[in-house]
Number of protein chains: 2
Amino acid sequence: MRYEPRSPEVTFSALADPTRRAVLDLLRQGSQPAGRIARVFPVSRPAISKHLRVLKSARLVLEHREGRHRFYQLNAEPLKTVDSWLDQYRTFWHAQLSGLKAFVESESVREKSKVRAKKSHPRRGNSK
Amino acid sequence: MRYEPRSPEVTFSALADPTRRAVLDLLRQGSQPAGRIARVFPVSRPAISKHLRVLKSARLVLEHREGRHRFYQLNAEPLKTVDSWLDQYRTFWHAQLSGLKAFVESESVREKSKVRAKKSHPRRGNSK
DNA sequence: ATAATGTGAAACCATATGGTTACGCATATT
DNA sequence: AATATGCGTAACCATATGGTTTCACATTAT
């Protein structure tokens, strides 16, 4: 049972919506049928249905049908992607001196700023 | 120098865009002037300017003018909010048994499913 | 069988979002 | 002083997004 690594893309955009995050928060209590989830929020059931579809395609929830009910279950695994993205930044906030650090670096950058295009960055194309 | 706690809202939505995340990634190397940042990406300079404005209002970057240049500096501090949001989920992926766990919980939920509206959740209103 | 229930899909809509080009304005350069 | 640079803003545009209402479809209850 392998899951392709999945870019952070789909995860981050699924998490961008507050209602969606709240749904995940709710599901931490355990699986719930769509209708019950919907009742918690101030929006229509179809709206929640759409959010659930987004969460499902981001694999942040798993669907499991049972009669005419559809239970949605939290699947936190994709959040690991977010966590590892954050890893790259922890150092910046762990040391309170991030301000100083950045200042120093900005100095150094300004020094050699003349040229030094520093093309060393593996850019992802955010295409069309 | 106090910073209001700031809801995750603005942070998450700022991070939703891949270009914006890439800008932050770039700034981990140190402050850079807007133009230099823009040259790295396949979009126009004004587009980057807008992204920088979003990042700035999310306090994920700090601006610091210097002559006709505007240096942008990473400010990772707001990411702590994301990190603590994630905290609530770590338990779900740390134990490989999240699947089992969720299953068990779904069982229990289904048991008492009749009523138990469980209004105990501090819902944020997504207004409008 | 017939009605009721749980839920997604369709069709719309208004607003948000990300990108573009044209322009304006300081701050260097010459 | 005149020109070149760096960069944000304005005005547009097309598409994405989130919400709504109406409808269709199973599945369960009568």
Side-chain angles (χ1 to χ4, degrees), chain A residues 9-24 27 31-58 61-73 106 109-110 113-115 117 124-128, chain B residues 9-23 27 31-58 61-73 106 109-110 113-115 117 123-128:
Chain A
E9 186 53 51
V10 66
T11 308
F12 272 107
S13 66
L15 295 180
D17 185 87
T19 302
R20 241 127 53 194
R21 289 197 305 279
V23 167
L24 295 181
L27 292 181
S31 296
Q32 307 208 10
R36 187 117 88 89
I37 298 172
R39 259 180 278 124
V40 175
F41 299 89
V43 297
S44 70
R45 199 173 39 57
I48 294 298
S49 191
K50 280 191 188 180
H51 283 307
L52 287 171
R53 187 170 13 148
V54 172
L55 290 171
K56 188 169 64 179
S57 58
V61 301
L62 304 176
E63 181 191 276
H64 131 255
R65 307 188 182 188
E66 184 125 355
R68 58 184 169 183
H69 294 84
R70 295 196 186 188
F71 283 81
Y72 287 90
Q73 164 183 132
S106 87
V109 166
R110 213 169 335 138
S113 76
K114 266 296 132 54
V115 191
R124 84 282 140 317
N126 71 344
S127 58
K128 178 18 210 268
Chain B
E9 187 52 50
V10 65
T11 309
F12 272 106
S13 66
L15 295 179
D17 185 87
T19 302
R20 241 125 53 193
R21 290 198 304 278
V23 168
L27 292 181
S31 296
Q32 306 209 10
R36 186 118 88 90
I37 297 172
R39 259 180 277 124
V40 174
F41 300 89
V43 297
S44 70
R45 198 174 39 59
I48 294 298
S49 191
K50 281 191 187 180
H51 283 308
L52 288 171
R53 189 178 4 159
V54 173
L55 290 171
K56 189 168 63 179
S57 56
V61 301
L62 304 176
E63 182 190 276
H64 130 255
R65 307 188 182 188
E66 183 124 356
R68 58 184 171 184
H69 292 85
R70 295 198 185 188
F71 283 81
Y72 287 91
Q73 165 182 132
S106 88
V109 167
R110 214 168 334 138
S113 78
K114 266 295 131 55
V115 189
R123 272 285 55 68
R124 84 282 137 317
N126 69 346
S127 59
K128 187 357 193 315

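Only heavy atoms go into these numbers, but all of them, side chains included; no hydrogens, no water, no symmetry mates.
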I'd like to know if A/Arg70 reaches the base of C/dT7 with its side chain such that a donor and an acceptor end up less than 3.5 angstrom apart. no
Rounded to the Å, how far apart are B/Ile48 CD1 and D/dC7 P? 12 Å
Rounded interatomic separation in angstrom, taking CD from A/Glu63 and C1' from C/dA9: 14 Å
In whole Å, what is the span from the CZ atom of B/Phe71 to the P atom of D/dG6? 11 Å
For the residue pair B/His69 and B/Pro33, what are the closest heavy atoms and their distance? CD2-CB, 4.0 Å
Send over the distance from B/Leu55 CG to C/dT17 C1', rounded to a whole Å. 14 Å
Upstream residue (5' side of DNA chain D) when A/Ser13 and A/Ala47 are each assigned their closest nucleotide: A/Ser13
Run the salt-bridge test on B/Glu9 and A/Arg21 with the 4.0 Å N-O cut-off and return the result as yes or no. yes
Integer-rounded Å distance: C/dA4 P and A/His69 NE2: 17 Å
Out of C/dG18, D/dG8, C/dT7, minimum distance to the side chain of B/Asp17 belongs to C/dG18
Is any side-chain heavy atom of B/Ile48 less than 4.5 Å from a side-chain heavy atom of B/Thr19? yes
If you check every side-chain atom of A/Pro46, which of C/dT7, C/dA10, D/dC7 has the closest atom? C/dA10
If you go through the side-chain atoms of A/Arg68, does one of them form a donor-acceptor pair with the base of C/dT5 closer than 3.5 Å? yes
Could you tell me whether a side-chain N or O of A/Arg70 sits under 3.5 Å from a main-chain N or O of A/Ala34, the two making a donor and an acceptor? no
In whole angstroms, how far is the P atom of D/dT17 from the CG atom of A/Leu15? 14 Å
For atom NE2 of A/His64 and atom C1' of C/dG6, their distance in whole Å: 15 Å
Suppose we call a contact any N or O donor and acceptor under 3.5 Å apart; does that hold for the side chain of B/Arg45 and the base of D/dG8? yes
If you go through the side-chain atoms of A/Lys50, does one of them form a donor-acceptor pair with the base of D/dG19 closer than 3.5 Å? yes
In this structure, how many angstroms lie between the P atom of C/dG8 and the CZ atom of A/Arg65, rounded? 8 Å
Within less than 4.0 Å of OP1 or OP2 of D/dG6, is there a side-chain N or O belonging to B/Tyr72? no
Check whether any side-chain N or O of A/His51 sits under 4.0 Å from OP1 or OP2 of D/dG19, and answer yes or no. yes
Closest approach to the side chain of B/Arg53, judged atom by atom: which nucleotide of C/dG18, D/dT9, D/dT21 is it? D/dT9
Which nucleotide wins on minimum distance to the side chain of B/Ser44, given the candidates D/dG19, C/dT20, C/dG8? C/dT20
Any non-hydrogen side-chain atom of B/Leu27 less than 4.5 Å from a side-chain atom of B/Ile37? yes
Quick check: does any side chain N or O of B/Ser49 sit under 3.5 Å from a backbone N or O of B/Arg45, one acting as donor and the other as acceptor? no
Which listed nucleotide (D/dG8, D/dT5, C/dG18) is nearest to the side chain of B/Ala34? D/dG8
Does B/Arg20 make a side-chain N or O approach to OP1 or OP2 of C/dG18 shorter than 4.0 Å? yes
